[in-house]
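Structure first, commentary second.
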Amino acid sequence: MKWKNLIKVAFKSIVKNKLRTLLTMLGIIIGVGAVIVMVAIGKGAEQRIQNQISSMGTNLIMVFPGSSQQRGVHMGSDQGVRLTLDDVEWLKKNSTLLEAISPVVRSGVQVIGGSGNWNSSVYGVSEGYLAIRDWKLSSGDFFTANDIRAQSKICVIGQTLVKNLFANEDPVGQQLRLRNVPFRVIGVLKERGQSAFGQDQDDVIIAPYSTVYYRLSGQPHIHQILARAASLNQMEQAQAEITSIMRESHKLAEGEDADFTVRNQTDIASTAQETTRVLTILLASIASISLLVGGIGIMNIMLVSVTERTHEIGIRMAVGARSRDILVQFLIEAIVLSLSGGLIGVMIGFGATYIVHLATDWNTVIALENVLLSFGFAGAVGVFFGYYPARKAAALNPIEALRYE
Amino acid sequence: MNSKEAVIRTEGVTKIYDSGEVQVEALKGINLAINTGEMVAIMGASGSGKSTMLNIFGCLDYPSSGDYFLDGIHVNDLDRDQLADIRNRKIGFVFQGFNLLARTTAFENVELPLLYTRNVPNQDIGLLTSQALERVGLTDRAHHYPNQLSGGQQQRVAIARALVNQPAIILADEPTGNLDTRTSIEIMATFQELNCQGITIILVTHEHDLADYCRRVIEFRDGLIIRDQALSQPHDAAKDLETGQWKTFAGQGVPS
Ligand SMILES: Nc1ncnc2c1ncn2[C@@H]1O[C@H](COP(=O)(O)OP(=O)(O)OP(=O)(O)O)[C@@H](O)[C@H]1O
Ligand SMILES: [Mg+2]
């Protein structure tokens, strides 16, 4: 039989049984739709974290207190270990591969000023901080090395503070009281939005670390050291350099576990990426199971259909259909069913993804390759689960099939 | 119908149905030759092997032993696909239960064999289908579904399907078994007309009155031929319909 006729015959029988067709396709529709929505959510999270991490600044190296291995096991000895301003001085003095170094002293504060008050965090950093993080100002200036030396009471604020305290006026030049210490606003940061983890990145106050350290924090240590490697190619060497300088500064013996952790952006990126990729794979495999169940549905209905249409098959064989003609007819029916189910599933997947996006404000990404993949998978499911019933139909004995009522 | 070469020839054909424990010998050695252009009635009691014989003639089944030649082809040697092709091109079937595809129009039913014929141009399919419907007088019913047609009309759709591929033989297994007497004779008239056009017709019937429309009557009993008789004066179904002759047949079928 010619292909055109085979396809025509398959289509006719699909159209003739609308309800059965719909029920058969339902599994595939839901399966493909679910795969698309799930992968879109997973990919969206991946992309968001990716953007987030790359917005942390280029060539960024971070130093945290505490060992990276066995974190939490050596509680007793780790607890006392801190990063200090001495470490920063050591790094500044001895490093050759670092372009900028900044301590980070963080403190939660109540802010009074402008039109009211607000609870926020103040970050004490050095003058190189903006360059390290790759952040930009929308207005005003950043502080200088002199301001740090002088422990100037000046600060730069994020957009959330602008919105909440200075809705109607230019904040630059205004006074803020941080824990009752008066600070002058000298600049405003550009809007940065939410982080991948849902934090408001605009709810920050940035001030000279010396001022925060000596006047606000009241703690004898710093939280983090950030540095910027001179070049991206020397990230590893720069990290190694930091490690050895820090070991020296902390007077660690050879072989002793480090009481600090050096990380670069790629480390963090790959960890985060791995996490989200696992999430995506998990979501996709859950959704694939429904696609598989859809395939079994197709097989089920096709088997019933072969039995139900035994007499029809007998008639076709009596008038000259070869076994292969019957096989191909049923196979095409299965493939047409699963592909049209797949197509509807893709459309529903797009719609559902959009609704999820609207309802939750999650970032979603529909990649063409995933759409094609799930569509192709639907087709493969049709072939795979349609083959057995089709072969059963083709193997029927014409006389017995004709006699079957 | 003038040529005298045998379109069907069997030599010692037997058929044994083996369903595990019981073996049924449905045909016990059939030697038979049917020539092109004949119109043959096969008669016999129920279970005598008529349908079994017809299935072998129609290449739906293989004989258990013996040789069967169709148009000189030794059918025993052919595989399933070759049998399918022979059924498609040389044979038309008409069954007691019509065997039309439900929810499929008369036209699409008649067209069916052509869809399985290699090398029929698609534009010819429509033409050949219309011609076949015209030959059985159903042009105006082409787009009706089987359940919108009377039994006689359904059987004529089946006949149109049987002849759409211009077969050498039409095999009919009790084609009038579900029809009343008048309709049965109408069907016989159609067969006679086709036979006049050169198609060999072999039909199974239980009714002597219908066998009288054939030129030759073969009777089976217990898997053997017990009578093979040529009728010198077959009835003319068209004339009987015209004259109302058929009404005198006693107790046959259901009056219309
Ligand atoms: N598929 C089969 N399996 C087993 N036995 C069968 C099968 N088909 C037919 N038979 C047996 O073969 C014998 C001949 O059957 P067949 O159908 O040829 O009879 P028939 O002459 O057509 O009868 P009827 O007039 O009732 O149609 C019967 O005894 C029947 O029971
Ligand atoms: Mg029979």
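All chains are named by letter (A, B, ...) in the order of the sequence lines, taking the proteins before the strands, and each is independently numbered beginning at 1.
For the atom pair CD1 (A:Ile315) and CG (B:Leu112), the distance works out to 8.5 Å, reported to the nearest 0.5 Å. Of the inter-residue distances, the one linking A:Ile399 atom CD1 with B:Ile56 atom CD1 reads 8.0 Å to the nearest 0.5 angstrom. A distance of 8.0 Å separates CG of B:Leu115 from CZ of A:Arg316, quoted to the nearest 0.5 Å.
Only the side chain of B:Glu111 comes within less than 4.5 Å of a heavy atom of chain A; its backbone N, CA, C and O stay farther away. Neither the backbone nor the side chain of B:Ile86 comes within contact range of chain A; no heavy atom of the residue lies under 4.5 Å from a heavy atom of that chain. For B:Asn55, the part sitting under 4.5 Å from any heavy atom of chain A is the side chain, from C-beta outward, and nothing else. Proximity to chain B (any heavy atom under 4.5 Å) is restricted, for A:Gln329, to the side chain, taken from C-beta onward. Interface residue B:Glu108: only side-chain heavy atoms are found under 4.5 Å from chain A.
In this structure, B:Tyr116 and A:Gly320 approach most closely via the heavy-atom pair CB-O, 3.8 Å. Between A:Ala318 and B:Phe95, the shortest heavy-atom distance links the atoms CB-CZ, 4.4 Å. Listed here is the closest heavy atom pair of B:Arg80 and A:Ala394: NH2-O, 3.3 Å. The two residues B:Ala84 and A:Ala321 have their closest heavy-atom pair at CB-O, 3.7 Å.
Counting heavy-atom neighbours within 6.0 Å of A:Phe384 CZ, excluding the residue itself, gives a total of 12 or less. For A:Tyr388, the OH atom sits in a loose shell: 12 or fewer heavy atoms of surrounding residues, nucleotides or ligands are nearer than 6.0 Å. For B:Gln123, the CD atom counts as densely surrounded, since its 6.0 Å shell holds more than 12 non-hydrogen atoms of other residues, nucleotides or ligands. For A:Tyr354, the OH atom counts as loosely surrounded, since its 6.0 Å shell holds 12 or fewer non-hydrogen atoms of other residues, nucleotides or ligands.
For A:Asp325 and B:Arg118, the salt-bridge test passes: some basic side-chain N is under 4.0 Å from an acidic carboxylate O.
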Review point. Are A:Lys12 and B:Thr104 close enough, and set up right, to give a side chain to side chain donor-acceptor pair (under 3.5 Å), and what steps lead you there?
Key: CA-CA 9 Å; A:Lys12 268 184 195 162; B:Thr104 305; over 6 Å; no

Practice item. List the steps, then state whether salt bridge (Lys or Arg N to Asp or Glu O under 4.0 Å) holds for A:Arg322 with B:Asp85. Key: CA-CA 7 Å; A:Arg322 290 181 173 193; B:Asp85 289 349; 2.4 Å; yes

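Side-chain contact check for A:Met317 versus B:Leu60: every heavy-atom pair is 4.5 Å or farther apart. Considering only heavy atoms from C-beta on, A:His311 comes within 4.5 Å of B:Asn99 through its side chain. With contacts defined as side-chain heavy-atom distances shorter than 4.5 Å, the pair B:Arg161/A:Val319 qualifies.
For the set B:Leu83, B:Val164, B:Asp81, B:Leu101, the count of heavy-atom pairs under 4.5 angstrom toward chain A peaks at B:Asp81.
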